[in-house]
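Here is the structure we will look at, set down as structure tokens.
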Amino acid sequence: MSASVIADLRSDTVTRPTPAMREAMAQAVVGDDVYGEDPTVNELQAEVARLTGHEAGLFMPSGSMTNQVGIAVHTRRGEEVVCAEGSHIYEWELGMMAAFSGVVPRFVPAPLGVPAPQDVRAAVRHSVHQSPTGLISLENTHNKAGGTVIPLEVLAQIRAVADDEGLPLHLDGARVFNAAAALGVPLSAITRHFHTVSVCLSKGLGAPVGSVLVGSATLMKEAHRYRKMLGGGMRQAGILAAAGLVALRDGPGWLADDHRRARTLAEALVGAGYDVNLAAVQTNIIYATIPDAAARSAAWAERGVLANALGPDSVRFVLHHQIGDDALDGAIRVLTA
Ligand SMILES: *Cc1c(COP(=O)(O)O)cnc(C)c1O
């Protein structure tokens, strides 16, 4: 990479902590969180629990860990996890549901990331001849489908399926704040439908590190044990939680602009002759069909615009709060030249 970077569109994880986050980190009051004695971690966990309408929260280093601990608290070995095709919990978590919890995924079709409630129901198994379903898991927004949002009425219907079948419902809410912003609803309107929710602080909200799992106090007690097994007990983690609290305060307000800029970029790409499914551009992610994706993205990187080629003819662009309107204009000039 030779040119200075105009816009890093590889992911919303590439942001640097804001001055307010650095300041809060420097000032954070800390304790030993494995003993539950870090006041800043406790404050963060309580705040995410409050925002999501759940009883308790547990801070962890990554969204993969909050998802996998969420899966572990709900399932037994040999069970299946019914989830939308392309789910991060399987596609990008390195087989951990099998390696750690001993469970396997059963994908259901999910056009634009939204599984049909009847398909979820049809995927549930209780027979002695088949591996039983232990959990239903959704992803909102759905990363691989393009940052797409699940309508609230579908969430309610899938929760009804879970209740009918006596199954728990987990949400991979790495970008659930983006979903809430896109729908214009409070976070809890989405998260109240689930038994556990994994929320990332280090995606669009801009914190340097961290995710929070929420659920009942009983489930979070169990989750605490699994977090320790995975090496996720972090001691004076209030240093990180302090940045997370600032992210919760400042981050949600950035997302509508990220979404507006994603739409602008998507339309510019279409204008330049690239194929983008605009119906899938609902939040801050764009997948474009671009021939020779790897070569094109390498050429753009030479000119200061970074984006990940995720297939032979597929490039993903992700907007975040550190790409403002000027950076976006600069990126569009490079990408459409
Ligand atoms: C980023 C992401 C995660 C968590 O990833 P980590 O890198 O482990 O924090 C989980 N689910 C989705 C949909 C994601 O995009």
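FYI, side chains are in, hydrogens and waters are out, and symmetry mates aren't considered; it's all heavy atoms of this structure. The structure displayed is predicted, hence computed values, not measured ones.
Across every non-hydrogen atom of G244 and A207, the tightest pair is CA-CB, 4.2 Å. Considering all non-hydrogen atoms of both residues, S131 and G78 come closest at CB-O, 3.1 Å.
Between the side chains of E23 and Q27, at least one donor N or O lies within less than 3.5 Å of an accepting N or O. Checking H170 against N67 by side-chain atom types alone, a donor-acceptor pair falls below 3.5 Å. Residues T196 and H74 have side chains that bring a donor and an acceptor to within less than 3.5 angstrom of each other. Y274 and R296 share a donor-acceptor pair across their side chains, judged by distance under 3.5 Å alone. Inspection of the T66 and S198 side chains reveals an N or O donor paired with an N or O acceptor under 3.5 Å. E165 and H126 share a side-chain donor-acceptor pair at under 3.5 Å.
Atom NE2 of H224 and atom CE of M229 lie 13.5 Å apart (nearest 0.5 Å). Between the CG atom of N140 and the CZ atom of F194 there is a distance of 6.5 Å, given to the nearest 0.5 Å. In this structure, the separation between CZ on R249 and CG on L205 is 12.5 Å, given to the nearest 0.5 Å. Rounded to the nearest 0.5 angstrom, L245 CG and L201 CG are separated by 8.5 Å. Considering CD1 of I285 and CG of D258, their distance stands at 11.0 Å, rounded to 0.5 Å. Interatomic distance, OG1 of T148 versus CG of N178, reported as 11.5 Å (0.5 Å rounding).
Counting only heavy atoms from C-beta outward, the side chains of V176 and T141 never approach each other to under 4.5 Å. Inter-residue side-chain proximity for F107 and Y90 is flagged as met; some heavy-atom pair is nearer than 4.5 Å. With contacts defined as side-chain heavy-atom distances shorter than 4.5 Å, the pair N277/L112 qualifies. The shortest distance between side-chain heavy atoms of P105 and C83 falls below 4.5 Å. With a 4.5 Å cut-off on side-chain heavy atoms, L183 and V149 count as touching. Counting only heavy atoms from C-beta outward, the side chains of L230 and M96 approach each other to under 4.5 Å. A heavy-atom distance below 4.5 Å is not found between the side chains of L9 and L306. When side chains are defined from C-beta on, L187 counts as touching F177, because their heavy atoms get closer than 4.5 Å.
Listed by first and then second residue, the side chain to side chain donor-acceptor pair (under 3.5 Å) pairs that reach into residues 308-322 are N143-R316, sequence neighbours excluded.
Under the 4.5 Å side-chain heavy-atom criterion for ILVMFWY residues, a single connected hydrophobic cluster contains both V281 and I323. Connection of V209 to I239 is established within a shared hydrophobic cluster, with ILVMFWY side chains joined at heavy-atom distances below 4.5 Å, either directly or through further cluster members. Hydrophobic clustering (side-chain heavy atoms under 4.5 Å, transitive across Ile, Leu, Val, Met, Phe, Trp, Tyr) groups V108 together with L171. Both V120 and L169 are assigned to one and the same hydrophobic cluster, defined by single-linkage of ILVMFWY side chains at heavy-atom distances under 4.5 Å. Connection of M234 to M25 is established within a shared hydrophobic cluster, with ILVMFWY side chains joined at heavy-atom distances below 4.5 Å, either directly or through further cluster members.
Side-chain contacts under 4.5 Å among hydrophobic residues (ILVMFWY), followed directly or transitively, place M21 together with V246, W254.
Salt bridge annotation for R227-D33: present, with a cationic side-chain nitrogen under 4.0 angstrom from a carboxylate oxygen. A salt bridge links D32 with R235: at least one charged nitrogen is closer than 4.0 Å to a carboxylate oxygen. With salt bridges taken as basic N to acidic carboxylate O contacts below 4.0 Å, one links D163 and R159. At a threshold of 4.0 Å, the pair R121-D164 counts as salt-bridged, since one of the basic side-chain nitrogens sits closer than that to a carboxylate oxygen. Under the 4.0 Å criterion applied to side-chain N and carboxylate O atoms, D325 and R261 are assigned as salt-bridge partners.
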* Asked: Can Y226 and F100 be said to form a ring-ring contact (aromatic ring centres under 6.0 Å, His included), step by step?
  -> CA-CA 10 Å; Y226 286 118; F100 189 57; 5.8 Å; yes

